[in-house]
Structures are given as C-alpha cells and as structure tokens.
Number of protein chains: 2
Amino acid sequence: MKLLRYLLLSASALVPLQPVAAECLTRGTGDMGIVIERAAGSLKVVDTSNHSELFRVTGLGDLSHASAVYSRDGRYAFVFGRDGGLTKVDILCGNIVKRLIQSGNSIGGAISQDGSLIAVSNYEPGGVKIFSSTALDLVADIPATEIKDREGKLKGSKTVGLVDAPGNRFAVSLFESGEAWVIDMKQQDAPKIIKHTGIGSLPYDALVTPDGRFYLSGLFGEDGLSLLDLWHPETPARKILQEYGRGEQKLPVYKMPHLEGWAMAGDRAFLPAVGRHEVLIVKRGEWQEEARIKVHSQPVFVMARPDGRQVWVNFAFPDNDTIQVIDTESFEIIKTLKTGKGTLHMEFTPRGEEVWISVRDSDEVQIYDTDSLELLHRLPADKPSGIFFTSRAHQTGL
Amino acid sequence: MKLLRYLLLSASALVPLQPVAAECLTRGTGDMGIVIERAAGSLKVVDTSNHSELFRVTGLGDLSHASAVYSRDGRYAFVFGRDGGLTKVDILCGNIVKRLIQSGNSIGGAISQDGSLIAVSNYEPGGVKIFSSTALDLVADIPATEIKDREGKLKGSKTVGLVDAPGNRFAVSLFESGEAWVIDMKQQDAPKIIKHTGIGSLPYDALVTPDGRFYLSGLFGEDGLSLLDLWHPETPARKILQEYGRGEQKLPVYKMPHLEGWAMAGDRAFLPAVGRHEVLIVKRGEWQEEARIKVHSQPVFVMARPDGRQVWVNFAFPDNDTIQVIDTESFEIIKTLKTGKGTLHMEFTPRGEEVWISVRDSDEVQIYDTDSLELLHRLPADKPSGIFFTSRAHQTGL
C-alpha cells in the first residue's frame, strides 16, 4: 500500500494541474488541515489528532502570502495564491481537482455562507471575481472603481480585506479609492452592491467580527479604522479608534499587521499596534481603547485561543523568532517562546487544546499544548507559512 | 479493493451489535449530522448540503431524551440513551461500532476537549462514568455523593448538566445533594475533583457558556441560578438572577426548560422563563435581567442563530406546534411558524443559513431558510427528536 502510494505520488509530480490521486481516504475531515509550503508551491495535508502528514500536494504556483478556505463538507480546500491562482484541492484524495489563474495578482478570498460561491479579491486588475465552488465556473466579475495610476492611466482599485458575511454576502475594501462594498449574492445572476465611498485613506486590510456583524478596515493613509455594521449595511461607515495607526511620529513599520490577526476574547478585542511594540485592548461595542500591553516587538498576528483565555502573538522581521502568550484576564505575558526565525503563522485546533506554529527557517511546524505551554511535536515542512484547519468551514470570516 | 472492503464488511455483519453496513462513504464529514428517531430507537445520518438521508442506523435502545456528541474528526457520534446505553456510531459507514449499557438510567454526556474521553452522567445509580472514545473502555467511575431516598436507603445523587470545559475538564451538577463538581481529567488515571457544596436547592440542569468559562446550574428547589467561573474553579459558586425560576406563585410548569437551550447572542443571553410565557434577556457578565419578551407559550429551547441576529424558540406541550423567531436587536417577534404538533428540537447549520426542526407528530424534519424564513424542504423521519450536526465536534459544551 505504501509503495503504491509512493509510486502514485511520484507520478503525480509529472502531470500538471490534475495529478494522479493516491488512494482516497475514508475518514472524518474534522481533524484535518493544510500547511502551505510557500517556496515549493506545495501544501501538506495534515491530521491534527495524530500530528501526522497524510499527503503532499504540489503544483500550486506562487504561494507567498497564500490563504485558504474550505467547502462546507470540509473535503475541499480553495487556495488563493499570490499569482492569481485559485486551486481546489481534495484533501481526502491528496490531489488538485481544478486550478485556474483567475487574475494577474490576487490577495485572498472567501467562501459564501452556503458554500456555493468562492470570491477572490484582486490587485491586478482590481476587482472581485466570484466562482462556483463546484466547478470554479465564473459566476460574477465585479470590476473595481477606476483610479489614475502614476502615469495617469486608468486602472481598477486594488481590492483587499475580502470576507464573507451572513446572507450570502461578501464585504471588500478598495485601496486607492477608499471604499468599502457589500456584495449581496443571494441572487447569483444579479449581484446587488452597496458602495460606501470616503471610508478613509487607503484601506489596506479588513476583518469581520466572528459573528459576521462588524466589518473593520485598517487604513494605511491615516490613523483610525473604518467600521461598517453589516446588520445595517446601508448606514455609512464610521471612524473608530482615531489613534490607531502609525501616528504622528510615522514610525518605521516593517510589516503592516494583519487585521485578520485581531483576537476577539469575550467582549474585548486584542489588536496589533502599528509600528509600536504593543498590543492594544479595545472594548467591543464602544470600540474605545482600554489598555496597552508592552510586547517583544512589532506584532503581526494577535490570535485568541478559542476559549478566549489566552492571546498568542508573533512578530515582524527581524524579531520573528519569538511568540508571546498573554493572559486575557491579567493582561500579563505568561510565556515567551523562542520558536526560531521565520515564525510566520499560528492555527489553534478547533477547541484550542493545541496550537500549530509554522517556523519557516527551521522547515518545521511546532505543535504546543496550550495548557502546559510545552512543545509536543515537530512536523517537518518545506518553508511553511499559513496553516488552515477544516474547522474554518464552519466559521464566518475565516 | 472494493471487493476486499465488501468482504470485510460482510464478515463484520456476523458480529452482534455490528449491524450490516452499506459501503462506507468517502466524503467530508463537515456537512453531516444525525437525527434521533426516538420511538424506533434508531437514527438517520443526514447530509445538510443536499437535505438528504445517507443511512439509517437501528438498535440504539431507548432514545427518549437522547443526546449526542462527536469525535474530533467528526466521523463518530456518541449517543447517550435514556436506558443508560452509550452507542458509538460510524456515520461514514452507517453502523454501530460499539454499544454498551453503562448504567440503569442516564441523562446525557460530553466529550473531552482533546476528544479522548466520553463522560456520562447517570441517574441510576448516580455518578459519572468516563470512557475512552476509541474502545469505550472504562477509564474512571466517579460515584456521586450519597443521599437518603424516601425509604431512608442510601443512594447516589443524580448527576445532571454534564458538560466539557477547556483543559480536559468536565463540570457536573448533583441534584439531591445540591453540588457542582469540576472534574479535571488531564491525568486520566488520577482524576482531580473540586467539589462545590451548597450551590442551591436541586440543580436540575446546567450549561456552560460557549467559551467554556461560566457554568450555570438551574435550580428546581428555589429561584435563581448558581454560577461557577471555571477560570477560577476554586472560587465558590455564587447565586445570580434571584428572580429566575417558578417564583412565588409556583406556576404550573409543564416542562422545565432546557438550560442548554439558552442562547448567547453578542453580550446578551436569551433564556426561557420557567412557567411563564416569556423569554428573558440578561446581560452577560453582570447577569442582570434587562428585558422580557412575551411569547406564545412556555419556552423550551431558546436558540440563537450562529451569528446572533435571531433567536428561535419552541414551546412546551400542549403548545408545541409553534416556533417563534425573535430579532435580537429590536426584541420583536418577526415570525410565528406553525410547524405542527411535537415540534421538539432545532439545529442550525454551522454558519446559520438554515435551521432543521424536528416535528415528531408529522414524522418529518422541516428545513427553513433563516433569511427568508421560508420552508425549503421536508425530510421524512420516524418520530424525530434531537438533531445533532458534526460541527458540534468543534464546540465547547455541546
């Protein structure tokens, strides 16, 4: 059996786009996930119960800055590559079902609440393309607002911070034109779009709260955040946290923090400060800053353990060899872990007993017990970056 | 391979408690679930993407008041029957893997955070038994505090409201002795138990908040609820909502409402009133009553759509033919559905676009679109009661 699988996998490396499948697995998908291998353009399919690799899938193109969403059955991962590639991977069979280059340069995507639609936000050309999740057929092609580039030529705004929202809707921000759009796909042949203009200067990323209600766009061109209440999608966006951003001093920012890395724990949000070595604590609803926690360096991802008891933080280059764990009740740092250079991403198991951390320069994923904070296991991976577990299939905005 | 699988399955058919399986399915488990058929002692395995039945599994004993939890991979359902039966069902193969009668009369169970342990709370004899989730081997047998029955004989307190909590812990309430216990199973061969006595008179059910932090026991013998903060499990339980209960008038109560039917929506909890035709709204954290909503009859389950935008309510006999939908922002009833007699349970799809409702006396499950509130489909089922989707595998306290 093992030999057969090896032979099949070796053969698959030679065939572009539709590799031969190894034998498909009959097993539950609830404890599975993928680990992106960014340099090799491949991914590992993993088993979180046994800390093991099930398949390696190659041929996914440029996976720097890649992300993924899952079909509602948890069987298919849709991987968004930097090169505009959209790849549907069958994690039970370890093969690519379909792959297409849907634009020149893309930055992420989302799956609709009912699982029928995959939306992709593009840099080049700007705009949002929406595909069927079954065959990846184009369902809608929504161009972005045009702006003038440096040479005065018209081009579409970059679209960023694309998320799904209840009611088969998507929300997206437009970078150069400073907009936030709510795209209603209930009628797939007739998308309805609510366009909010003037939400702020250069929204560079966004997030939706786990309940799918509040859509927050981070601004590169000014301080503060823009907030839309998706329960009232016609109400104009408003500014919150006016102090949030690079501030008057315009500190050097090595990496703009991911907004998807905001942690919601109880009624508080824990945010990466921009440029400063701080995590900000904000009361949800009022959206007022409550406290700041001094941390190791510039935070990138600030992620809550699913029960909200801890927040785990990684950091920007050149300090990306460290993870800090914050107690969300005392606001104290309870552990500093030296994971190694290129600590890029974290993913908690669905009920939070473990966290998987990709350490690019050590070519491994480190698995920690979140109770003892001890290292449990190292799983080899080729320059791992994003880790995505199938439990995301059941969550809004992930 | 297929032949081999058939032969293996056929062989297994000769072993009792291992009914003949159809061929096992290779598919994602994320969009699957079970529907309990209470009178027949059977269950249906269902596909929520296609609104279809995949298997029917028989031989589960007395399933009145049955509940179920899932293995962390989503493949196995553990069904707790009223007769003390604990049955492990493989939903990909549609068969019973193992079944045992672990007590004379049981009331529910839970699966540990790491998925390794199944705990069952028993009426007869009282106490908690804990089994391995793989082979259902007994790992721990925890007797309840002894009390005197009507004839003056010693017997174990009934255990109720058993839930899982982060850190491989379980919490349980003891009915006659008025206690709440926190059972720490990190070391499986040496359970550590924190026993809180005097939490109130006759706790009859309990719930844990979705984040696993607050454990609330409902009291049959007095008004109010008992609250334990599992972040501080040594701190004594305290009373909250002193008005909550049957009150001075001792109204006739046709059915004590399920506490698991509390809805958490944003920072509010929506609770079924006891005896009264009301849903209570309580601010989480302060645990003070904020408002009451008049409803059709005595509420049983008050369940929030996963995004917290709506709360769906069913009612006690003789008014159990109705569902009402409450808008959680305006507190208004936006729809009254006449689903039919014996409307017993509801389960939302993981991201909330649909809700499945079991209508016992019509022998069907009704599936509604939660946006349009329209009936989408009817699925035949033999006296259906509880509906449990695999997304519960990833949630605390369910």
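Sequence lines set the chain letters: A, B, ... in the order given, protein chains first and strands last, and positions in each chain run from 1.
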Open item on the list: So for A/T48, is it side chain, backbone, both, or neither that comes closer than 4.5 Å to the heavy atoms of chain B?
Closed with: both
Task: Among A/G74, A/S391, A/G212, residue most engaged with chain B (heavy-atom pairs, under 4.5 Å) - done: A/S391
Open item on the list: Distance check, rounded to the nearest 0.5 Å: A/E354 atom CD versus B/Q113 atom CD?
Closed with: 9.0 Å
Open item on the list: Let me confirm one number: the CG-CZ distance from A/D371 to B/R169, rounded to the nearest 0.5 Å.
Closed with: 8.5 Å
Task: Donor-acceptor pair, side chain of B/E353 and main chain of A/D114, under 3.5 angstrom - done: no
Task: Residue B/D164 versus chain A: region with a heavy atom under 4.5 Å - done: side chain
TODO: First locate atom CD of A/E329, then atom CG of B/D229, and finally report the distance between them rounded to the nearest 0.5 Å.
DONE: 6.5 Å
Task: Approximate separation, where rounding is to 0.5 Å, of B/D307 CG and A/W231 CH2 - done: 7.0 Å
Open item on the list: Any salt bridge linking B/R284 with A/D267? Criterion: basic side-chain nitrogen under 4.0 Å from a carboxylate oxygen.
Closed with: no
TODO: List the atom of A/A393, the atom of B/R351, and the distance in Å for their closest heavy-atom pair.
DONE: O-NE, 3.4 Å
Task: chain B contact via A/I111 - which portion, at a heavy-atom distance below 4.5 Å - done: both
Open item on the list: Can you tell me which portion of B/R213 sits under 4.5 Å from chain A's heavy atoms? Options are side chain, backbone, both or neither.
Closed with: side chain
Task: Part of B/S112 within contact of chain A (heavy atom distance under 4.5 Å) - done: backbone
TODO: Would you mind telling me which of B/P350, B/P166, B/G308 has the largest number of heavy-atom pairs within less than 4.5 Å of chain A?
DONE: B/P350
TODO: Would you mind checking which part of B/Q395 comes under 4.5 Å of any heavy atom in chain A, side chain (CB onward), backbone (N, CA, C, O), both or neither?
DONE: backbone
Task: Nearest non-hydrogen partners of B/C24 and A/T26, listed with the distance - done: CB-CG2, 4.0 Å
Task: From CG (B/L92) to CZ (A/R27), nearest 0.5 Å - done: 10.0 Å
- [ ] Check B/S49 against A/R72 and note the closest heavy-atom contact, atom names and distance.
- [x] OG-NH1, 2.8 Å
Open item on the list: Is B/L25 close to chain A through its backbone or its side chain, or both, or neither, when contacts mean heavy atoms under 4.5 Å?
Closed with: backbone
Open item on the list: For the CG atom of A/D211 and the CZ atom of B/R309, what is their distance to the nearest 0.5 Å?
Closed with: 11.0 Å
